[in-house]
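Computed from heavy atoms alone, side chains included, the values below leave out hydrogens, waters and symmetry copies. Owing to the predicted nature of the structure, the values given are computational and were not obtained by experimental measurement.
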Amino acid sequence: MKRFVSPPLILLQCKPGTERRIVGSCNRWRFPKKPFSGDLLGLSQMCKALNINLDDAQKNPSRLCISKIQKLLSEDLKNKSSRSGEADVILECLGFKWELHLPQLFQSATLARLYLMALMHRAKSTTETVGPRNFIESKNPLALGSQTPSGLKEPSLASGCSELHGDRAPGKTSDGPLVKKMIISLKINDPAVNRVAFALALKNLYMSHVDLTVDDLLGVLASAYILQSTQLFKRCVTMMMNEVSPSTLKGFYLAGCKYKEEQLTVACERWLEMNLVPLMGTQIYLRQVPQDLLLKVLKSPRLFTFSEFDLLKTLVLWVYLQLHTKLQTVPTKETMLTFFHSFPKKCCFLERDVGQGWMPLFLCLRLHNITSGKDLEEIKHINFFPESWLVRVTANHYLTLESGGDMVYSRELSSQAMRFGLVFDQDFTVHSKIICLYGFFFEIKGIKHDATSYSFSMQRIKHTDRECLTMACDYITISVKAERLVRYQIRAYTFVDGKWKQFKTNQITQKFGCNKPCCKSHVLKIQTVGSPIYASFAFIFPVS
């Protein structure tokens, strides 16, 4: 009988760092320092066990190490649980020490990242002190499970976030055992952030709603950006969009550009399109309007103005305020005219070194829409525009008068039309204005029918009407033509629930007579609770 001898056991020695890790239900394993070695089935089971998206894991394999951080964090939270509400972390920032608790701290992606870095640093120090243990280092702890909030970019050192200091502060609980408070440090270089604003941003981590004033918004927005608190950041943006005013326009617009919040910059543009002439044109805050914002608004087809000459006066005032930075009150019209008239006559203001930088702004004006002889004489008197511009405008006016009102040089309603406007306030029942163009008289009118119902229209009136006779002077031209072909559009804008709403007619071509019903235009009827209403009338006299 033969005896069977069992073969000798072969002992395999694993290399350091190749401990097996069990994942999923089929006991697959992999090496911790090689989170993905091509085993897709094992990778899929690991992702399910760790609740991580498979595609994300393939793009960023370091996320598979999150379990180590979770283990460290759970141990730390367990140690903190016996401290009866005592702060877990001390944040050194802006010369203050802020005591924070972990549930609230993790509502800020920036503070969470700093805390995880401190946790890893402490675990590493412990490993070096008490001996080797299984521990995985990561150069980007935030990538191990905590992501940057949508809409906010991760702040860099330049934008206000510094590296962690490795200090620790000892403390004692009521039971006596020694626990260590984590100290993290955040360096902020943004001048918009002050201690009050930062305190409000931290308070928002503890409360569902923190009362903010308009004066707090810029500082709190900057603090929310640095802390990467998405909810607070969006709330500040929403409040800013509803609180644009002459005094806040510049700060809100620059903040929107700085943090690339397009909806905030667009809100500032929309507000200025309506209020540049009627509101900013009468206040010292006009000086603060950035030139790039002003240029965008002047190019907008939505720009509201009472008339082209009113827009010109507003721009001239803006230039005057740029040259007189210490002025605290709006100057009189005579003061501005005297100032610009004082320059030598050999060269106009816009062609001088001081004025050339503002030339693009005035190129956006439709000078051919200034038809009043009195206004044209005033423009010529201040020697502001190049002589070639004024010669071209005058030549166009003579050509139009000789053609019976046909505006040969104007074809596009959106970019070349005559534009006039009415601001219809809640107190108005009827509001109207008489305008005269090349001898033709029109009345633009707004009527309030009830609390939310309005209508806007225009009609031709006879030169013999009393309203026209009151306008008669040496500069008024009168046409006796029975009909006038007009292409026009009526629009109305109002601000409701944080958004600008637009109402408009189509572009209409119509012959206007002097008698009813052919003297009236189509009527724009609107229903709105917004106030005031900015009504714009744009029209061209096409070749008939």
Side-chain angles (χ1 to χ4, degrees), residues 87 89-100 104-121 138-143 146-169 181-206 210 212-237 239-240 247-265 268 288 290 292-293:
V89 178
I90 295 178
L91 171 64
E92 294 181 344
C93 184
L94 299 175
F96 270 51
K97 292 184 177 181
W98 315 80
E99 294 188 347
L100 302 175
Q104 288 73 32
L105 179 142
F106 273 88
Q107 296 180 36
S108 163
T110 298
L111 299 183
R113 183 179 69 253
L114 293 179
Y115 180 76
L116 289 176
M117 292 172 63
L119 200 61
M120 294 179 65
H121 178 80
S138 173
K139 295 181 179 179
N140 186 4
L142 193 61
S146 180
Q147 297 181 353
T148 303
S150 59
L152 296 184
K153 295 183 178 180
E154 184 177 336
S156 61
L157 293 178
S159 63
C161 183
S162 71
E163 296 294 338
L164 169 74
H165 293 315
D167 301 329
R168 293 190 298 273
K181 277 188 180 180
M182 199 75 70
I183 297 181
I184 59 178
S185 177
L186 183 64
K187 184 178 180 181
I188 298 178
N189 298 320
D190 193 334
V193 180
N194 53 50
R195 291 173 178 173
V196 174
F198 192 73
L200 289 172
L202 292 179
K203 184 178 180 181
N204 183 77
L205 302 178
Y206 286 81
V210 176
L212 300 177
T213 66
V214 177
D215 296 334
D216 297 328
L217 286 177
L218 285 175
V220 175
L221 179 78
S223 301
Y225 177 81
I226 290 174
L227 292 174
Q228 296 187 45
S229 177
T230 307
Q231 183 179 6
L232 179 60
F233 187 88
K234 290 182 176 179
R235 182 188 168 201
C236 290
V237 170
M239 289 186 64
M240 286 178 170
S247 60
T248 63
L249 174 68
K250 179 182 178 180
F252 289 0
Y253 175 75
L254 294 180
C257 295
K258 178 179 180 180
Y259 303 118
K260 295 180 173 55
E261 275 298 315
E262 184 178 357
Q263 58 179 344
L264 179 56
T265 58
C268 293
Q288 299 179 3
D292 64 322
L293 174 59

Minimum-distance pair of heavy atoms, taken over all atoms of Tyr206 and Glu99: OH-O, 3.9 Å
Aromatic ring pairing Phe198/Trp98, orientation class (parallel under 30°, perpendicular over 60°, tilted between): perpendicular
With sequence neighbours excluded, residues passing side chain to side chain donor-acceptor pair (under 3.5 Å) with Asp216: Thr213
Taking every non-hydrogen atom, the tightest pair across Ser223 and Ala201: CB-CB, 3.6 Å
Leu116 side chain near His121 side chain, heavy-atom distance below 4.5 Å: no
Atom pair CE (Met182) and CG (Leu100), whose distance is rounded to the nearest 0.5 Å: 13.0 Å
Gap separating the NZ atom of Lys258 from the CG atom of Leu264, nearest 0.5 angstrom: 13.0 Å
Gap separating the CD atom of Glu261 from the NZ atom of Lys234, nearest 0.5 angstrom: 8.5 Å
pair Asp292-Tyr253: side-chain heavy atoms closer than 4.5 Å: yes
Glu92 side chain reached by Leu186 side chain, heavy atoms, under 4.5 Å: no
Atom pair CD/SG of Gln263 and Cys268 - distance to nearest 0.5 Å: 11.0 Å
Residue pair Gly256 / Thr265: nearest heavy atoms and the distance that separates them: C-CG2, 3.4 Å
Heavy-atom closest contact (Ser229 atom, Asn204 atom, distance): OG-ND2, 4.2 Å
Residue list, salt bridge (Lys or Arg N to Asp or Glu O under 4.0 Å) with Lys97, at least two apart or on another chain: none
By ring pair (Phe, Tyr, Trp, His ring centres under 6.0 Å) - contacts of Phe252 (at least two apart): none
Mutual orientation of the aromatic rings belonging to Tyr115 and Phe106 [parallel < 30°, tilted 30-60°, perpendicular > 60°]: perpendicular
Option passing side chain to side chain contact (heavy atoms under 4.5 Å, CB included) with Leu105 (candidates Thr110, Ile184, Leu205): Ile184
Minimum side-chain heavy-atom gap Arg113-Gln228 below 4.5 Å: yes
Considering all heavy atoms, the nearest Gln288-Ser247 contact: OE1-O, 4.3 Å
Contact check, side chains of Met240 and Leu221, non-hydrogen atoms, under 4.5 Å: yes
Distance (rounded to the nearest 0.5 Å) between Leu202 CG and Leu91 CG: 6.5 Å
Atom NZ of Lys250 with >12 non-hydrogen neighbours under 6.0 angstrom: no
Least distance between heavy atoms, Ile188 atom then Cys93 atom: CD1-SG, 3.4 Å
